[in-house]
Undergrad: 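Got a structure here, written out as C-alpha cells. Questions coming.
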Amino acid sequence: DDVKSLRERQFVEDASPTAHPIQPDSYIAINNFYTATVYEKGAEVIRMLYTLLGCEKFRAATDLYFATFDGQAVRTDDFLWSMREASGLDLSQFERWYHQSGTPTLVVEQSHEASEYKLTLTQKVPDAVDGSKQMPYYFPLKIALYNQEGSELLEETLIVSQESETFVFTCQEKPILSINRDFSAPIKVEFSACENLFLMKHDTNAFSRYEAAQNYAIATIERLMAGKGVDSAFVDAYGYLLGLDLDLSYKALLLELPNITTLMQRQEVVDFEPIYAAKEALELELATVHKAKLLELYNAFHMPSDDSLSAESMGKRALKNGVLKLLSTSKDEAVLQMAKEQYENSITMTDRIAALDILENNSASLSATALADFYARYKNDTLVMNKYFAILAASSREGVLDRVMALQNDPAYSEVVPNLVRSLIGVFARNYKYFHAKDGLGYKFIAQKVLDIDKINPQIASGLCSAFKIYEKLNRTNKDLMRTELECIVSTHSLSKNVYEIVSKILKK
C-alpha cells in the first residue's frame, strides 16, 4: 500500500516540472511543500537508513537522537548526525537523497559464464528541474538468487553507490534474480530480462512477488496497446494466483491490475484513451476466462453480517470485493444483481461502498436506486458523504462532468469544507478518462474551480493544480488544450502565490 501510494503520487511529482528535493532550497509559498515528496519519499529515506544500519544500530541512533535533542527545534541534519554517530557509517553521499530531486532508475544487466554470475547495475539519475546534473545515489538494494527449480540460493543486501558497478557471484547454473526486495530503495528498476512468471510462482518475498505480477500485467496491457492480442500465458498465470492459499489481504493486492497512473508513467507521450481501452480489454478477458473461480472466491468469502475488524475478516472483504469488481467488467446482469444484494444486505461501510462503486460504474438504473438510499441514510454525515461524492466524481460512466457540476449545488456539499472539495473536485481531476477528455471541458472546469477556490482557500486551490503536472508529457491535442487553461489561471489578477508558484512552474515561466 505504501509503495502504491508513493508511485501514484510521488513518482508523478518527481517526473513533473514541480519536482523538488525532500529539503527544498527555496519556495514562494511554504504550504506548497506539504507534498508526497517531503512526506512519503522522506519516510522511505528513513526506512533506507533502517535497512543500512540494521535494527539494533538504528534503535541506538534514535535513542541518541531523543536523548540529545528532546525539547529542541530540530533539523534533519540533527537526525542524520544521530544516525552517523551511533553507526559509524559515512552518510555524506546518502544525504543526496535530501538535496536532489527526481526518481533514479537502476538499469540491470546480467551475464553468466562458467560458474560466475555478474550483475551490472547502472544508475540513471535525472537532471534537476533547472537542467543541472545530479550525482549518483547511495542506497541499499536487497536481492536474492534462485535456481531453476525455485529454491533460493542466497539473499543479500548490496550497497549501490557508483554510477555503474558490477557484483560477482559464484553460481554453477545461471540463476534467476529477484531485485529490490521489500522495496529496499524508492527507485525504478529497468530489467528487460526479469523472469516475472517464474517470480510470480516462486518468489518468497511478498513485495517481489507482487512486483512480478504487476510487471507481467503491465507488459500484457502494453502488448494490447500495441495492437497485439491478449497474452494467454498471463491469463493462465492470473488463474494460478487465484488458486493460491495466501493471506487474503495480500492475495487481494496480488490480484489487482496496475492502475492508470502506473501505466501512464511508462509512456513517453501520454494518451489516456488507448491505456483505458487496453486495461478494460484485459479485465474483460480475465473476468470471462476465470468467471467460475472468481465466483467461487466471492461466494466463499462474502459474509454480509460479518463486521469484525480482525485481519481475517478484513482480508475476506478485500478479496471478495476485488473479485466482484473484476467480474462486473463483463456487465453481466447476474453479477450486478450480486452487487445490488451486497449493497442492501451488508452491514459494513466497506462492503456497501464497494457495491455502490460497482453499481455506479456499470448500471445507471441500479446505481440510481442505491445512491438515493445511501444519500438518505448519510446526507447529514459529512465524513460519509465524502465517499459518496468521490464515487460519483470517479465514475467511468458517460456524463460524469455534468453530474459533478450539478453536485456542487447539493445541500450536502460545501466549497468551504476542504475534504468535500477534495472528494468531489479533486477526485474528478484524477478521473483521467474525463478530466483529459479531448473536448477540453475537464481542463476548463478544473481551471475555473482553481480560480474560484483560490479566493477562499489558496492551499486547496494549489493542491488542485497538481492535476496539471502531467502537462509536459501529454499528447499535442491535450497539451494545447491544457496550456490554454493554465495560461488563463496564471494571468488572473490577484492570484495567490500558492497557485502562481505551481502553475508558473508547470508552464516554466
Undergrad: Side chains of E360 and S395: any donor to acceptor distance under 3.5 Å?
TA: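 Their side chains do contain a donor-acceptor pair, which is all the 3.5 Å distance test asks for.
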Undergrad: Quick one: salt bridge (Lys or Arg N to Asp or Glu O under 4.0 Å) pairs with a partner in residues 221-233, sequence neighbours left out?
TA: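 Sorted pair list: E222-R266.
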Undergrad: Would you find more than 12 non-hydrogen atoms of other residues, nucleotides or ligands less than 6.0 Å from D247 atom CG?
TA: yes
Undergrad: Identify, with sequence neighbours excluded, every residue that meets side chain to side chain donor-acceptor pair (under 3.5 Å) alongside Y138.
TA: none
Undergrad: Considering only heavy atoms from C-beta outward, does the side chain of H112 approach that of P175 to under 4.5 Å?
TA: yes
Undergrad: So, do L145 and L177 sit near enough that their side-chain heavy atoms are less than 4.5 Å apart?
TA: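 Yes, close enough: below the 4.5 Å cut-off.
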Undergrad: Before you tell me yes or no, could you show the steps for F94 and M48 under side chain to side chain contact (heavy atoms under 4.5 Å, CB included), namely the whole-Å CA-CA distance, both residues' side-chain angles and the distance that decides it to 0.1 Å?
TA: CA-CA 10 Å; F94 182 83; M48 280 195 288; 4.0 Å; yes
Undergrad: Side-chain contact, heavy-atom cut-off 4.5 Å: V12 with M264?
TA: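 Yes, side chains in contact.
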Undergrad: Side chains of K433 and F272: closer than 4.5 Å at any heavy-atom pair?
TA: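 A side-chain contact is absent here, since even the closest heavy-atom pair is not under 4.5 Å.
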Undergrad: Is any side-chain heavy atom of R397 less than 4.5 Å from a side-chain heavy atom of S367?
TA: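 Yes, their side chains come closer than 4.5 Å.
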Undergrad: For Q93 and S161, work out which heavy atoms get closest and say how close.
TA: NE2-O, 2.7 Å
Undergrad: For the pair D203 and Y146, evaluate side chain to side chain contact (heavy atoms under 4.5 Å, CB included) and give the outcome as yes or no after the intermediate values.
TA: CA-CA 8 Å; D203 206 318; Y146 286 86; 3.2 Å; yes
Undergrad: Where do A354 and Q342 come nearest, in terms of heavy atoms and distance?
TA: CB-NE2, 4.1 Å
Undergrad: Does the side chain of D307 come under 3.5 Å of the side chain of T348 through a donor N or O and an acceptor N or O?
TA: no
Undergrad: Quick one: are L49 and F79 in side-chain contact, heavy atoms under 4.5 Å?
TA: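 Yes; the side chains approach each other to less than 4.5 Å.
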Undergrad: Taking the six-membered ring of Y117 as reference, does the NZ or CZ atom of K174 fall below 6.0 Å from its centre and within a 45° cone about the axis?
TA: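 Cation-pi check for K174 and Y117: fails.
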Undergrad: Name all residues meeting the side chain to side chain donor-acceptor pair (under 3.5 Å) criterion together with T105; count only those two or more places apart in sequence or in a different chain, and write none if there are none.
TA: none
Undergrad: Would you check if Y298 and L324 make a side-chain contact, meaning some heavy-atom pair closer than 4.5 Å?
TA: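 Yes, their side chains come closer than 4.5 Å.
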Undergrad: Testing the 3.5 Å rule here: is there a donor-acceptor pair between the side chains of D2 and S5?
TA: no
Undergrad: Does E280 CD have over 12 foreign heavy atoms under 6.0 Å away?
TA: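 Yes, the 6.0 Å shell around CD holds more than 12 heavy atoms from other groups.
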Undergrad: Counting heavy atoms not belonging to K57, are there more than 12 under 6.0 Å from its NZ?
TA: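 At most 12 heavy atoms, drawn from other residues, nucleotides or ligands, come within 6.0 Å of this atom.
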Undergrad: Should the pair F234 and Y238 be assigned to parallel (<30°), tilted (30 to 60°) or perpendicular (>60°) ring geometry?
TA: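 Tilted: the ring planes of F234 and Y238 meet at 30° to 60°.
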Undergrad: Salt bridge (charged side-chain N to carboxylate O under 4.0 Å, His left out) between D351 and K316: does it pass, once the steps are laid out?
TA: CA-CA 11 Å; D351 276 358; K316 288 177 180 178; over 6 Å; no
Undergrad: Minimum heavy-atom separation for P17 and K469, please, with both atom names.
TA: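 For P17 and K469, the tightest heavy-atom pair comes out as CD-O, 3.6 Å.
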Undergrad: With no hydrogens and no angle check, do the side chains of Y432 and T261 hold a donor and an acceptor under 3.5 Å apart?
TA: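 Yes, a side-chain donor-acceptor pair sits under 3.5 Å.
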Undergrad: For K473, is the NZ atom crowded, meaning more than 12 foreign heavy atoms sit under 6.0 Å from it?
TA: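 Counting other residues, nucleotides and ligands, NZ of K473 exceeds 12 neighbours.
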Undergrad: Do I358 and L327 have side chains that approach each other closer than 4.5 Å (heavy atoms only, starting at C-beta)?
TA: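 Not in contact.
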Undergrad: Can you list every pair that meets side-chain hydrogen bond (donor to acceptor under 3.5 Å, both in side chains) and has a residue in residues 41-53, with sequence neighbours left out?
TA: D14-K41, E44-R47
Undergrad: Which pairs, with at least one residue in residues 138-150 and sequence neighbours excluded, count as a salt bridge (Lys or Arg N to Asp or Glu O under 4.0 Å)?
TA: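 The answer is K142-D182.
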Undergrad: Counting distance only, does the side-chain N/O of S363 pair as donor-acceptor with the main-chain N or O of L359 below 3.5 Å?
TA: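 Here the side-chain-to-backbone pair does not exist.
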Undergrad: K320 vs L297, test: side chain to side chain contact (heavy atoms under 4.5 Å, CB included). Steps then yes/no.
TA: CA-CA 6 Å; K320 60 100 175 199; L297 287 171; over 6 Å; no
Undergrad: With sequence neighbours excluded, give me every salt bridge (Lys or Arg N to Asp or Glu O under 4.0 Å) pair touching residues 208-217.
TA: R7-E211
